Amino acid sequence: MNYRVTLIKGDGIGPEVTEATQSVLAAAGAPIEWEEALGGIEAVEAFGEPMPEQTLSTIRRNRLGLKGPLATPKGRGYRSANVTLRKKLDLYVGYRPVRTMPGIQTPYENVDLVVLRENTEDLYAGIEHKVDDDTVLTLKVSTRAAGERISRWSFENMRYTGRRKIHCCQKASVVPMADGAFLDAYLSVADEYPYIESSQLPVDTLAFELAQDPTRFDVLLLQNLYGDILSDLAAGLVGGLGVVPGANIGDQIAVFEAVHGTAPDIAGKGIANPLAVLQSALLMLDYVGERSISDHIRRAVHDVLSAGTHLTGDLGGSANTAGFTDAIIDAL
Ligand code: NAI
């Protein structure tokens, strides 16, 4: 069967890294039909907003999306395209697996963890209020329902992925109502899964323990802002934003995306690393059950990284995007 996938190439290096990904998937025989849709700057020019309804409706129809990085024009009152996408499609799980990759020099070996981030609430609800010229209020939204549903998703996912231990990381000692509600929701769901080891940790303790020894963690569950920050920290432990995949997942729809930005400093030069978008596309193949194709591509990526002869500049090599991509296709 063919899968129809909405493709948002995105801004900056987006077209370079998504097109490289399309070539690798095509070479591996992945049965995907791409339906292109606009996001970011091009969407603002065509439709007046960075995440237009036209794009959202193709994702709603296809239930699958792959997205390059998007720029949100600053100072013109637009809400972030990414926040809008997650909120309007109710993609409440931010999913980021973080693994040591062969051939990529980092201070740690054997890192293998997943950061799960509640994607729809917290300070990202966008409720801000100017009290007077010196004072603003920004509301942190935390509902029990949202805490319970991502907790339940997390435990269910662990049952099928062989993961054993989850830490809920928050700051309930200082934000007892909002973070306390999230923690309470997590603890009540944890009771339903006595065979999965569950624990909790203040988010600041998590930050220093991750820096000291990330290998002791398996699954981390966080609210939106903490998850945003700590998932980038975790990516930094295994080689940076250019290599780590991500997904935004809801009950019916999933959008897979690179977690890096548009990299304006290198856009258009043909030297960006496509690995993050490629790995996100592999998560998408896993998600629809095409594991044999995704594992075939993973083996090819593994071989190219291990050989170390065709790495892009961010990984310490001198290959360009096309050279790295062609090496993966040759390895297939
Ligand atoms: P960035 O991730 O674009 O760049 C940070 C550094 O990492 C730069 O030196 C860049 O060259 C490098 N880099 C990023 N991805 C790379 C890749 N695939 N290969 C090689 N090097 C790579 O972050 P920055 O500069 O903070 O943001 C630039 C723009 O991207 C902003 O407009 C921001 O809003 C947007 N952005 C979009 C995201 C998304 O759509 N998911 C996420 C983060 C930022």
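In each ligand, atom 1 is the first atom listed, and ligand 1 is the first ligand listed. We're numbering straight along the sequence, starting at 1. Source: prediction; values computed, not measured. Note that these values count all heavy atoms, side chains included, but never hydrogens, waters or copies made by symmetry.
Taking a distance limit of 4.0 Å, we find that atom 7 (O) of ligand 1 is approached by no protein heavy atom. Under the 4.0 angstrom criterion, atom 39 (C) of ligand 1 counts as having a protein heavy-atom contact. Within the 4.0 angstrom cut-off, atom 26 (O) of ligand 1 has no protein heavy-atom neighbours.
Asp265 OD1, 2.8 Å is the protein heavy atom nearest to atom 11 (O) of ligand 1. Of the protein's non-hydrogen atoms, Gly261 CA, 3.4 Å is the one closest to atom 36 (N) of ligand 1. Summary of contacts: the protein heavy atom closest to atom 19 (N) of ligand 1 is Asn273 N, 2.9 Å.
The contact set between ligand 1 and Ile266, taken as ligand atoms under 4.0 Å from a residue heavy atom, comprises 11 (O), 20 (C), 21 (N). Taking every non-hydrogen atom of Ile13 and a distance limit under 4.0 Å, the qualifying atoms of ligand 1 come out as 15 (N), 16 (C), 17 (C), 18 (N).
Distance alone, capped at 3.5 Å, places no donor-acceptor pair between the Lys9 side chain and the Gly14 backbone. The main-chain N or O of Ile271 is never found under 3.5 Å from a side-chain atom of Thr312 such that the two would form a donor-acceptor pair.
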* Asked: Are Leu113 and Leu210 close enough, and set up right, to give a side chain to side chain contact (heavy atoms under 4.5 Å, CB included), and what steps lead you there?
  -> CA-CA 11 Å; Leu113 57 88; Leu210 268 179; 4.0 Å; yes
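Ligand 1 has an N or O atom lying under 3.5 Å from an N or O atom of Leu70, backbone or side chain. For ligand 1, the polar-atom distance check against Ala263 finds a nitrogen or oxygen pair separated by under 3.5 Å. Polar contact with ligand 1: absent for Pro69 (N/O pair, distance under 3.5 Å).
Residue contacts with ligand 1 for Ile271 are absent, since no atom lies close enough (heavy atoms, distance under 4.0 Å). For Thr262, heavy-atom contacts with ligand 1 shorter than 4.0 Å involve the backbone as well as the side chain. Contact annotation for Pro264 and ligand 1: only side-chain heavy atoms (C-beta onward) come within less than 4.0 Å of the ligand.
A donor-acceptor pair shorter than 3.5 Å can be found between the side chains of Glu290 and Tyr3.
Annotation for Asp133: atom CG does not count as buried by contact number, only 12 or fewer foreign heavy atoms lying within 6.0 Å. Remark: Gln105 CD is loosely packed, at most 12 non-hydrogen atoms of other residues, nucleotides or ligands lying under 6.0 Å away. More than 12 heavy atoms of other residues, nucleotides or ligands shown are found within 6.0 angstrom of CZ on Arg60.
Taking the six-membered ring for Trp and thresholds of 30 and 60 degrees, Phe155 and Tyr193 have nearly parallel ring planes, at less than 30 degrees apart.
Considering Glu118, Glu121, Arg117 in turn, Arg117 is the only one that fulfils the side-chain hydrogen bond (donor to acceptor under 3.5 Å, both in side chains) rule with Asn224.
The closest approach between Val259 and ligand 1 falls below 4.0 Å for a heavy atom of the residue.
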